[in-house]
Amino acid sequence: MSPRDLPLRQFLPRQVAIDGYGDQFFHFAGMSHAGSILALPSGIRAWAPAAMAQVDAGALAPILAEAAAFELLFIGTGADPAHLREPLKQLLRGKGLRFELMPTPAAAATYNVLLAEGRRVGAALIAV
């Protein structure tokens with residue numbers, strides 16, 4: 001079974017800051033998770049993609065389903081900058097989402113700052 005076949009496991013039913021990351025882990029609210037995560041208004045959950053090449057419409061589906069709840073999405077691309085294919089950009093824009101792609105450390109830090117300011121943000125973070 002591949003990671004893409006696993007159900008999205010929700011860890012926390014509320015939005016919180018990312019406390020740390022590295023070695024393929026994220027730490028948040030006293031918990032840790034091995035692998036990529038989504039940090040959305042509905043909470044923190046596992047996210048299947050391990051690399052930007054694996055981000056497809058299916059991977060974006062939980063983000064799109066919640067698009068009305070936030071305005072800005074930070075996409076953490078892993079250790080290095082990466083691009084999102086144009087059809088996927090159109091899917092996000094079609095739901096009214098603005099988004100920024102940057103390496104995961106920068107995406108997590110920026111997400112934390114704006115979340116602390118009370119902004120309506122989300123993050124899709126590839127583990128580094």
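What you see is a predicted model; the values in this text were computed from it and never measured.
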- prompt: Are I18 and M31 linked, directly or through other ILVMFWY residues, by side chains that come within less than 4.5 angstrom of each other?
  reply: yes

- prompt: Can you find a heavy atom in the side chain of P13 that is under 4.5 Å from one in the side chain of S42?
  reply: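 In short, these two side chains do not touch, never coming nearer than 4.5 Å.
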
message: For I75 and L73: C-alpha separation, side-chain torsions, deciding distance, then whether side-chain contact (heavy atoms from CB on, under 4.5 Å) applies.
response: CA-CA 6 Å; I75 301 173; L73 175 70; 3.8 Å; yes

Candidate pair L64 and L91, rule side-chain contact (heavy atoms from CB on, under 4.5 Å), full reasoning: CA-CA 8 Å; L64 297 171; L91 278 174; 4.3 Å; yes

- request: Apply the test side-chain contact (heavy atoms from CB on, under 4.5 Å) to residues L84 and M52: give CA-CA distance (whole Å), side-chain angles for both, the deciding distance (0.1 Å), then the verdict.
  value: CA-CA 7 Å; L84 191 62; M52 282 302 292; 3.9 Å; yes

[X]: partners by side chain to side chain contact (heavy atoms under 4.5 Å, CB included), with sequence neighbours left out:
{"X": "S36", "value": "W47, I126, A127"}
{"X": "P41", "value": "Q15, E66, A69, F70"}
{"X": "A29", "value": "L12, V16"}

query: Is it true that a side-chain atom of T77 and a backbone atom of M102 form a donor plus acceptor pair closer than 3.5 Å?
result: yes

message: I'd like to know if the side chain of R14 reaches the main chain of I44, judged simply by a donor and an acceptor atom lying under 3.5 Å from each other, with no hydrogens or angles considered.
response: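 Here the side-chain-to-backbone pair does not exist.
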
field: Partners meeting salt bridge (Lys or Arg N to Asp or Glu O under 4.0 Å) with E100 (sequence neighbours left out)
entry: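 E100 satisfies salt bridge (Lys or Arg N to Asp or Glu O under 4.0 Å) with no other residue.
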
- prompt: Of all residues at least two apart in sequence or in a different chain, which pass the salt bridge (Lys or Arg N to Asp or Glu O under 4.0 Å) check with R98?
  reply: none

Please name the pair of heavy atoms, one in [X] and one in [Y], separated by the smallest distance, quoted to 0.1 Å.
{"X": "P103", "Y": "A79", "value": "CB-O, 3.8 Å"}
{"X": "H27", "Y": "S32", "value": "ND1-CB, 3.2 Å"}
{"X": "A17", "Y": "F28", "value": "O-CB, 3.6 Å"}
{"X": "A67", "Y": "K95", "value": "CB-CB, 3.7 Å"}
{"X": "L38", "Y": "A124", "value": "CD2-CB, 3.6 Å"}

- request: Show your working on side-chain contact (heavy atoms from CB on, under 4.5 Å) between Y21 and I37 and close with a plain yes or no.
  value: CA-CA 11 Å; Y21 49 83; I37 61 170; over 6 Å; no

Test: salt bridge (Lys or Arg N to Asp or Glu O under 4.0 Å). Region: [range]. Which pairs qualify, not counting sequence neighbours?
{"range": "residues 119-128", "answer": "E71-R120"}
{"range": "residues 21-30", "answer": "none"}
{"range": "residues 24-39", "answer": "none"}
{"range": "residues 25-38", "answer": "none"}

query: Out of curiosity, F74 CZ to L125 CG, how far, rounded to the nearest 0.5 Å?
result: 10.5 Å

query: How long is the gap from CG on L92 to CD1 on I63, to the nearest 0.5 Å?
result: 6.5 Å

- request: Check side-chain hydrogen bond (donor to acceptor under 3.5 Å, both in side chains) between R93 and all other residues, then give those that pass, not counting sequence neighbours.
  value: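 So R93 forms a side-chain hydrogen bond (donor to acceptor under 3.5 Å, both in side chains) with E86.
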
